[in-house]
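Below: the structure, in structure tokens.
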Amino acid sequence: MQVEKTPIEGVVLIIPDVFSDDRGYFLEAMNIESLAKVGIDATIVQENQAFSYRGVLRGLHFQKYQLVRAIQGKILDVAVDVRIGSPTFGQHYKTVLSDENQHQLWIPPGFAHGALTLSETSIMAYYCTAPYSKEHSVSIRFDDPDLGIDWMLDHFILTEIDRHAPLLKEIDTGFIYSN
């Protein structure tokens with residue numbers, strides 16, 4: 001497993017070892033001990049999967065830690081720093097996760113997350129450190145002009161909640177930066 005730090009502290013790109021042969025491939029999708037060795041100390045309590053069609057944009061949402069990967073297809077995965085007082089507050093990191101590259105993105109607390117399906121369909125897995133809680137789930141607008149995210153498509157399929165989410169400057173995220 002390789003780990004690449006991103007320009008935003010805490011967000012990590014994980015590149016697992018993939019063993020391919022004439023039968024297909026094998027990879028270790030998630031291993032708590034391997035993650036701990038690279039400084040990611042987490043206990044996964046829930047795995048979610050999402051099937052989406054091209055143009056489906058899920059997010060930007062934030063709640064707890066998560067490890068994200070594309071099981072099938074290609075997604076544009078985005079993490080936005082929403083930690084008040086952070087030197088990178090409002091900045092984002094984005095990468096393409098796919099069944100071809102097998103990359104994964106570790107998103108710690110204090111970050112909003114969004115994923116856009118770029119292929120005809122995708123299946124995405126989210127490994128979470130806390131169960132989903134509707135009362136604590138918060139969204140911000142995917143097209144917030146202050147965030148300046150280039151989503152690579154110009155047509156999106158959104159939920160009403162995501163379509164009408166507030167701008168980042170309109171909410172208190174509840175996350176305070178501490179180094």
[X] (side chain) donor-acceptor with [Y] (main chain) under 3.5 angstrom:
X	Y	answer
Ser86	Thr88	yes
Thr117	Arg54	no
Arg58	Gly114	no
Asp162	Arg141	no
Trp151	Phe142	yes
Asp144	Leu168	yes
Lys5	Val11	no
His61	Ala112	no
Gln104	Leu13	no

Provide the closest heavy-atom pair for [X] versus [Y] in the form atom of the first, atom of the second, distance.
X	Y	value
Phe175	Pro109	CE2-CB, 3.9 Å
Tyr93	Pro7	CD1-CD, 3.8 Å
Val80	Val78	CG2-CG1, 4.1 Å
Pro166	Ser139	CD-O, 3.5 Å
Tyr127	Ala29	OH-CB, 4.0 Å
Phe111	Glu9	CZ-O, 3.5 Å

Could you state the interatomic distance from [atom1] ([X]) to [atom2] ([Y]), rounded to the nearest 0.5 Å?
X	Y	atom1	atom2	answer
Leu167	Asp143	CG	CG	8.0 Å
Leu105	Leu67	CG	CG	8.0 Å
Leu57	Arg163	CG	CZ	10.5 Å
Ile8	Ile107	CD1	CD1	10.5 Å
Ile14	Ser34	CD1	OG	9.5 Å
His103	Ile75	NE2	CD1	12.5 Å

Original post:
Does the side chain to side chain contact (heavy atoms under 4.5 Å, CB included) test come out yes or no for Ile157 and His155, once each step is laid out?
Top reply: CA-CA 7 Å; Ile157 302 168; His155 173 74; 4.2 Å; yes
**OP:** Would you please test Glu28 and Asp17 for side chain to side chain contact (heavy atoms under 4.5 Å, CB included) and show each step?
**Re:** CA-CA 7 Å; Glu28 195 171 76; Asp17 296 323; over 6 Å; no
Would you check if there is a donor-acceptor pair between the side chains of [Y] and [X] at a distance under 3.5 Å?
X	Y	answer
His113	Asp77	yes
Tyr126	Arg69	no
Arg83	Thr173	no
Thr121	Gln72	yes
Gln102	Tyr25	yes

**OP:** Test side chain to side chain contact (heavy atoms under 4.5 Å, CB included) on Thr129 and Ile44 and set out the steps.
**Re:** CA-CA 5 Å; Thr129 61; Ile44 304 300; 4.3 Å; yes
**OP:** Decide yes or no for Tyr177 and Asp81: does some side-chain heavy atom of the first lie under 4.5 Å from some side-chain heavy atom of the second?
**Re:**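 No, every pair of side-chain atoms sits at 4.5 Å or beyond.
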For [X], is the [atom1] atom crowded, meaning more than 12 foreign heavy atoms sit under 6.0 Å from it?
X	atom1	result
Phe51	CZ	yes
Glu100	CD	no
Asp41	CG	no
Ile161	CD1	no

Are [X] and [Y] connected, step by step, through hydrophobic side chains (Ile, Leu, Val, Met, Phe, Trp, Tyr) whose heavy atoms are closer than 4.5 Å?
X	Y	answer
Ile171	Val82	yes
Val96	Ile71	no
Met152	Leu158	yes
Val56	Ile140	no
Ile40	Val45	no

**OP:** Test side chain to side chain contact (heavy atoms under 4.5 Å, CB included) on Leu153 and Leu118 and set out the steps.
**Re:** CA-CA 8 Å; Leu153 293 179; Leu118 300 173; 4.0 Å; yes
Original post:
Among Ile15, Val38, Leu27, which one satisfies side chain to side chain contact (heavy atoms under 4.5 Å, CB included) with Met1?
Top reply: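 Only one option passes, and that is Val38.
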